[in-house]
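Below is one structure, written out as structure tokens; the observations come after it.
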There are 2 protein chains.
Amino acid sequence: MPRSGPATRLIDVAERAGVSIATASRSLRGQDGVSEAVAAHVRQVASDLGYVVNVHARTLAGGSTSIVGLIVHEIGDPYFSEIASGVVHLATARGLTVQICHSGRDPVTELSQIRTLLAHGTEAVLIAGSGYVDPTLQSEADKELRAFQRSGGRAAVIGRHFLRTDAVLPANVAAGEAIAEHVLSLGHRRIAVAAGSAALTTVEDRVAGIRAALERHGIAPGDVPVVHSAFTRDGGQEAAERILHEHPRTTAILALNDVMAIGVLSTLRTLGVSVPHDVSVAGIDDIAVAADLAPSLTTVRLHMQQLGELVLSMALKPPSARPRRRGCGHELVVRGSTGPAPRRRA
Amino acid sequence: MPRSGPATRLIDVAERAGVSIATASRSLRGQDGVSEAVAAHVRQVASDLGYVVNVHARTLAGGSTSIVGLIVHEIGDPYFSEIASGVVHLATARGLTVQICHSGRDPVTELSQIRTLLAHGTEAVLIAGSGYVDPTLQSEADKELRAFQRSGGRAAVIGRHFLRTDAVLPANVAAGEAIAEHVLSLGHRRIAVAAGSAALTTVEDRVAGIRAALERHGIAPGDVPVVHSAFTRDGGQEAAERILHEHPRTTAILALNDVMAIGVLSTLRTLGVSVPHDVSVAGIDDIAVAADLAPSLTTVRLHMQQLGELVLSMALKPPSARPRRRGCGHELVVRGSTGPAPRRRA
DNA sequence: CGAGGTTACGTAAGCGCTTTCGTAGCGCAC
DNA sequence: GTGCGCTACGAAAGCGCTTACGTAACCTCG
């Protein structure tokens, strides 16, 4: 779609200001080598003419794009939309625009997204969302990012500490521990986990945290059913059904994220199981609606918006020799969905 | 940030394939004037080399960018993230990437976003989110879009029927009517509205729908308090407080969107008002969590994801002489937050 | 007062692609 | 066998910008 609009070009500004195109270019970018008087004049003329630089020409000539790419697993998921919100907010404040790609949790799509973003010459590529347990699924992506960085590009990820990029690390293991400690402290011993796909490292980490806490309290891993399903509301429903069916004496269900917890709550409501009287339910993430569910959801806050801001700010910093790691706080948020373990169950 | 990566360029593909750069270009874009044998060979070589076209060069030379811009009021709001999800899904399916801009409901920011997107040469500019009642707030944006279209660009919006672009029209008026009819049919007569900013046309439309329905049932506009606040959860809380304070005999609160309804429910819970026993509450939109609130929220489904897909597909169609209009269904979804009007109130 | 350094600007060479235009080669009709 | 109309391809001109390099003009100092 060739556009032939009467857009003002740099050369128009230069002519009108009575300077060369080079001087105009330098003036507008605040580069030195131009007297302040001339620069100010050029800026004035540009503004009068409503000049907007052509990104493509700029990029092609070696300039920067002012675009950052963000790859997320599922843009509709609150976990990711809150991250995206953080990224977009900070980006807007810095005069950058964000190009969002949705991988649908498919490593192949993800790879092609990365390639596209690289070809688009984005300033930085950000990836949010769990990595894959199977390293072969992302080795290509890894290679691509490395090459991108070697050639001066910036990349940063949320999680995926195994990549050689800057990374913000959500407290997955600690969150798992915190939520498990919480239900343990309430006296629960028959605990089940509603987990997302076993292929994701986030799932692995959160489960590891839960297991560690339980083991400290003398509960063997074998005594903790972990039901894998999808990281969605429906996945949570399905997991809850299976848990209640296969392990009817369960008194606490730990969902590995809030979205699944919503599904768990929905199933329990349907089955007439009272929460937290009969069964306690907890999530991880603390998405915005967690406080407004029925009952309100006990969870671990992971500050997604902050994760988003952090990952962008890391990417924007001048590169360092070795990949930086940055944690992000987590807090147990106790609400109405967890309560003391029932004295006995049917 | 000049990038000097060893990216394969078209000329590399051409050389390796033993053809000219022109032929290579034509082959890769499936343009005719190239024999099928040669074209296939070129495509094979390109794929072997992992060639990805440089968008900036392509655009500069008059090609297309494969990028669509989407401007939303508030990316963190589920209404918009569901729209964004629709846009991103369809875009991904069509091999397009989406550039998301967040205007924060500020017309000035919005205008600069539009300019940026135009300067980026996006295929299409999409705007989601209420227009402003005051036309001067958007006349600049309007002008900009018109110029964009005249020069071959595509634009489409959700709502904002006053713009001369293709538009998908959410059923705002009808949704207002539907939700009002619903509470009327339950016997409510003392109805209050928790509204977002009066500056937004969406608010205007939904209120108009509500008023129309009420008037049909003999309730004068003066008898329907409309409390304006922000289109957020906190705004809903605040509106509910004011409604209960100023109009204590209210039996039904209609929130103009689900996010506000969440705030309303929260305030009622805090104040110990039972929903729907004492007061019924309803929203509009049917965001994903509406079904999982406590109580589950009666609302009007506006199919945001579909709105997103529609607006993109309209923008992608060949332009028509006059702006197209496309409606999108709506359905009343009755859940637990509304019930019969109480016989009497304190 | 001229060598050498600085500053302020202009000239022009691309960045990687699309596309216009030109041309070689072929088939076909006369 | 000449001429015409195709088709399949190549050469080269930009798209609008950044930047390396060149060059005046001015300054500083011995």
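What you see is a predicted model; the values in this text were computed from it and never measured. Every chain is numbered from 1 and lettered A, B, ... according to where its sequence line falls, protein lines coming before strand lines. Side chains included, hydrogens not; waters and symmetry mates left out as well; all remaining heavy atoms used.
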Would you say the side-chain atoms of [X] pair up with the backbone N or O of [Y], donor to acceptor, closer than 3.5 Å?
X: R16(A); Y: V45(A); answer: no
X: H89(B); Y: S85(B); answer: yes
X: H102(B); Y: I75(B); answer: yes
X: R154(B); Y: A315(B); answer: yes
X: T165(A); Y: A155(A); answer: no

Residues touching DNA chain D, which here means a heavy atom under 4.0 Å, drawn from residues 36-53 of chain B: V38(B)
Atom [atom1] of [X] to atom [atom2] of [N]: distance rounded to whole Å?
X: I21(A); N: dC15(D); atom1: CD1; atom2: P; result: 11 Å
X: H56(B); N: dT18(D); atom1: NE2; atom2: P; result: 13 Å
X: N54(B); N: dC15(C); atom1: CG; atom2: C1'; result: 8 Å
X: I11(B); N: dG10(D); atom1: CD1; atom2: C1'; result: 13 Å
X: L28(B); N: dG16(C); atom1: CG; atom2: P; result: 16 Å
X: L10(B); N: dC17(C); atom1: CG; atom2: P; result: 5 Å
X: L60(B); N: dC15(D); atom1: CG; atom2: C1'; result: 4 Å
X: R9(A); N: dC17(D); atom1: CZ; atom2: C1'; result: 12 Å

Whether R94(B) and E123(B) form a salt bridge (side-chain N of Lys/Arg under 4.0 Å from carboxylate O of Asp/Glu) is what I want to check. no
Using 4.0 Å as the upper bound for N to carboxylate O, is an ion pair formed by R43(B) and E36(B)? yes
When you measure from the side-chain N and O atoms of [X] to the phosphate of [N], is any distance below 4.0 Å, counting only OP1 and OP2?
X: S25(B); N: dT18(C); result: yes
X: S20(B); N: dA11(D); result: no
X: S35(A); N: dC9(C); result: yes
X: R29(A); N: dC17(D); result: no

Considering non-hydrogen atoms only, spot the tightest contact between Y132(A) and D106(A) and give its length. OH-N, 3.8 Å
Judged by each residue's nearest nucleotide on DNA chain D, which is more toward the 5′ side, T59(A) or T23(B)? T23(B)
Is it the case that the side chains of T59(B) and T65(B) hold a donor-acceptor pair, with the cut-off being a distance below 3.5 Å and no angle test? no
What string of B, S and - do you get for nucleotides 20-28 of chain C, 5' to 3', if B is base contact, S is sugar-phosphate-only contact and - is no contact with any protein heavy atom under 4.0 Å? B--------
